[in-house]
Amino acid sequence: MALSSLLPEVYSDLDIEIGAALDEVVVTVRPSDVSAACRIAKDDPRLAFDYLRCLSVVDYVDRLEVVYHLFSLGRLHRLVIKAAAPPDSPRVPSVVSVWKGADWFEREAHDLFGVVFEGHPNPAPLLLYEGFEGHPGLKSFPFHEYDEW
Amino acid sequence: MQFQQQPAQQADSLDLMVNMGPQHPSTHGVFRLVIWIDGERIVRAEPHIGYLHRGSEKLCEGEQYGQIITLFDRLDYVSNLNCELAFCLTVEKLMGLEVPDRASCIRVVLCELNRIASHMLFYGVFGLDAGAMTPILYGFRERERVQSLFERVTGARMMHNYIRVGGVKEDLPSDFAERLGELTALLRAGIDECDELLTNNELFLSRTKGVGAIGGSEGVDYGLSGPSLRAAGVAEDVRVSEPYSIYDRFDYGIPVGTYGDCFDRYYVRMEEMRQSLRIVDQAMEQMEPGPVSAKVRRIARPPKGEAYLRTESPRGDFGVYLVSDGSDKPYRVKVRAPSFANLQALQRLLRGAYVADAVVILGSIDIVLGEVDR
Amino acid sequence: MEIARGVIPLTPVSSRSSREGGRGGSGGNTPADSIFDQVLPNAVVARSSELFALGRKSSLWTLSFGLACCAIEMMSTHMSHHDLDRFGVVTWPSPRQSDVMIVAGTVVKKMAEPIKLLYEQMPDPKWVIAMGSCATNGGPYYRSYSVVMGVDHLIPVDVYVPGCPPRPEALMYGIMQLQEKISEDARARGEASKA
């Protein structure tokens, strides 16, 4: 695939690791580099990832992985950018300035996983009610058998 | 229109705050919208969601793969089969499973019918939002016809649980082709009738033309997808750009709008229903007798790994991100709901619009709160 | 038979002869003869509470309050195919003029306070129908962290309609059960006051 041979050249300034998951090309970056990596992915004409497919967080207990699924409407290719944040204080720079659509995805990730997106314009709770304790997406958050309300 | 360029931060204390929801007949569920108005113009809008946050993604981690299909049914509760399809395809992708051809054809026929049923609901509700009472009666008449066919096939009107990992639950009833022929003939006439009833209505046109317009590149930036994006002139359809299932075998058109306003968003959907009928006909022609399910263990155990798959649901790009640890339950399921992303653009669409148009603009992006909040 | 010809006999068959010779009832805007004139005495004695209950149950205005999936089936019930209007049930957007709240869908903790508020805004007498398994006991979302296990934790419920989602026929049956309950309650109250 042309994309995976192109990536080392495009990301020559960053410390990246290129892998694959089924049919997707996966680029793993340091959490602090996320914003720069996304900016390059969008602005570089060879990549041109103008569409954020999905932003998700996976709790692997020893790390919180923030996953960005990207898609290019012009070039019809796709990329996954991953960053592993430490679970005790997960901090990742916000990408709202790159794609406006990342706004609610980041707020949701903050609600459910406690990931702090630095530089997010409005990091208010989105899905959970005010006063909700804990981050229900985490593996350490238990299933309720019964909950009186 | 100097006012339209006014940024949201300039909402000052003189502006009047209007709250809409969470209980409001035009919010299409439990959705709260707070708008600040200056005279008749909206200065700033702030959507509040989470009034239907049921924790589906977390619940998926405690269920086996076969059981999760029921939870996906209830995500986008207007187009259940499309959600089932998205989940099953993702699991199959992760397992590397080959689905029998007949099962794929059945899936496509039912999903496209579900798309029509979903757009018919949109048609009716959008008419109601624009101030017309009659369309909803016609829209529900057509929807009811599709639902009764679904009932014959799957046993349920809404929550079908029919598409399974590896195929479908059971073969179609023996008189399906006949019933479908009757239904498509009725739908063809019904769509034309609905089109005639509302599309050229003077009042409807003046309520929707030029209202809530958004450009193509801006729409992509906001993560818009589906008919809402295509109305803005971007010919992006997951069925074409990243074909899944057997969608690469059919010949159909992708309706694309020009201005990205409410009318375009409405009319793209009307045309899409006709294209869906074309797909249904072709899929029925290609359907051969054969097995309807691949040989899979009753309890699916995908290998360790992850898969992401996009499908084109009636509302847009419905993606499922699945992480498996090799057990019978998924490690993580993330749903990329099209309504969730589309709803983000609402703040931008409402800015500078008339307060009376707020309901029309909200209706035109066709949200389903079940998948917004999950 | 007249029914076979598509005409519905409005008056009991036994009193038909008196109707033919009577005044009015020939169509247009002249009202037909009252059924009370023909087969019953002109005066009917009834307890006022039962009379009011008769009125109440024949015109139930439901608060159009769709929460989730069940709302789609509730809309189906109101729309062209099933037409809930023929039971006198009209959907109404404001709680201030509604009699019945149909809780159609999953009640989430974030929504709990608004539901209580809506219930309090409805004038007495008021009834609640819990539609579907989510509103009854949490349903498929039983183990979720954010779902209230049944709307009866928040407000009193009169009729539970099972199903996920219930068919329109099931909701109609639920409404008929509620109508029965309204007249039963009035009768029971009358008996109690007499004793």
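Chain A is the first sequence line, chain B the second, and so forth, proteins listed ahead of strands; every chain is numbered from 1.
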Open item on the list: Could you check whether C:Arg143 pairs with B:Glu63 (Lys NZ or Arg NE/NH1/NH2 to Asp/Glu carboxylate O, under 4.0 Å)?
Closed with: no
Task: Heavy-atom proximity to chain B below 4.5 Å, by part of C:Leu118 - done: side chain
Task: Minimum heavy-atom distance C:Tyr141-B:Ser56, with the two atoms named - done: CE2-OG, 3.6 Å
Open item on the list: Rounded at 0.5 Å granularity, tell me how far OG in C:Ser146 sits from CG in B:Asp373.
Closed with: 9.5 Å
TODO: Count the heavy-atom pairs under 4.5 Å between each of B:Arg74, B:Lys58, B:Met159, B:Arg143 and chain C, then report the option with the highest count.
DONE: B:Arg74
TODO: Go through C:His78 and B:Phe140 one step at a time and tell me if the side chain to side chain contact (heavy atoms under 4.5 Å, CB included) criterion holds.
DONE: CA-CA 10 Å; C:His78 279 291; B:Phe140 261 93; over 6 Å; no
Task: B:Gln67 versus chain C, the contacting section by heavy-atom distance below 4.5 Å - done: neither
Task: Residue part contacting chain C, namely of B:Leu52, when any heavy atom lies under 4.5 Å - done: both
TODO: Indicate yes or no: at least one non-hydrogen side-chain atom of B:Met158 is less than 4.5 angstrom from one of C:Cys164.
DONE: no
TODO: Could you tell me which portion of C:Leu63 (side chain, backbone, both or neither) has an atom closer than 4.5 angstrom to a non-hydrogen atom of chain B?
DONE: side chain
Open item on the list: At a 4.5 Å cut-off on heavy atoms, which part of B:Val78 comes close to chain C: side chain, backbone, both, or neither?
Closed with: side chain
Open item on the list: Suppose a student defines contact as a heavy atom less than 4.5 Å from any heavy atom of chain B. Which residues in residues 80-102 of chain C would they list?
Closed with: C:Ser80, C:His81, C:His82, C:Pro93, C:Pro95
Open item on the list: Taking salt bridge (Lys or Arg N to Asp or Glu O under 4.0 Å) as the definition, give me every residue that meets it alongside B:Arg54, ordered by chain and number, with sequence neighbours left out.
Closed with: none
Task: Side-chain touch B:His53/C:Val147, heavy atoms, less than 4.5 angstrom - done: no
TODO: Under 4.5 Å, counting heavy-atom pairs only, tell me which of C:Ala104, C:Gly66, C:Cys69 racks up the most with chain B.
DONE: C:Cys69
Task: Approximate separation, where rounding is to 0.5 Å, of C:Thr106 OG1 and B:Tyr77 OH - done: 9.0 Å
Return a table of donor-acceptor pairs under 3.5 angstrom between the side chains of residues 182-191 of chain B and protein atoms on other chains or two or more places apart.
residue, atom, partner, partner atom, Å
B:Thr184, OG1, B:Leu180, O, 2.9
B:Thr184, OG1, B:Gly181, O, 3.0
B:Arg188, NH2, B:Asp281, OD2, 2.8

Task: Under 4.5 Å from any heavy atom of chain B - which part of C:Ala71 - done: neither
Task: Step-by-step side chain to side chain contact (heavy atoms under 4.5 Å, CB included) determination, C:Lys110 to B:His48 - done: CA-CA 11 Å; C:Lys110 194 171 179 178; B:His48 290 265; 5.6 Å; no
Open item on the list: side chain to side chain contact (heavy atoms under 4.5 Å, CB included) for C:Ser76 and B:Gln147? Distances and angles first, verdict last.
Closed with: CA-CA 11 Å; C:Ser76 287; B:Gln147 276 185 319; 4.2 Å; yes
TODO: Between chain B and each of C:Val107, C:Ile72, C:Ile115, count heavy-atom pairs under 4.5 Å; write down the option with the most.
DONE: C:Ile72
- [ ] Determine, stepwise, if the pair B:Glu151 / C:Arg167 fulfils salt bridge (charged side-chain N to carboxylate O under 4.0 Å, His left out).
- [x] CA-CA 11 Å; B:Glu151 198 178 357; C:Arg167 296 179 56 88; 2.3 Å; yes
Open item on the list: A side-chain contact here means heavy atoms from C-beta on lying under 4.5 Å apart; do C:Met75 and B:Val125 qualify?
Closed with: yes
Task: Region of C:Pro114 in contact with chain B, defined by heavy-atom distances below 4.5 Å - done: side chain
- [ ] Give the member of B:Gly50, B:Gly370, B:Gly62 that has the highest number of heavy-atom pairs under 4.5 Å with chain C.
- [x] B:Gly50
Open item on the list: Are there residues of residues 122-140 of chain C whose heavy atoms fall under 4.5 Å of chain B's heavy atoms? If so, which?
Closed with: C:Pro140
Open item on the list: Do B:Arg157 and C:Pro165 make a side-chain contact, defined as non-hydrogen atoms from C-beta onward lying under 4.5 Å apart?
Closed with: no
TODO: Give, as side chain, backbone, both or neither, the part of B:Ile49 having an atom under 4.5 angstrom from any heavy atom of chain C.
DONE: backbone
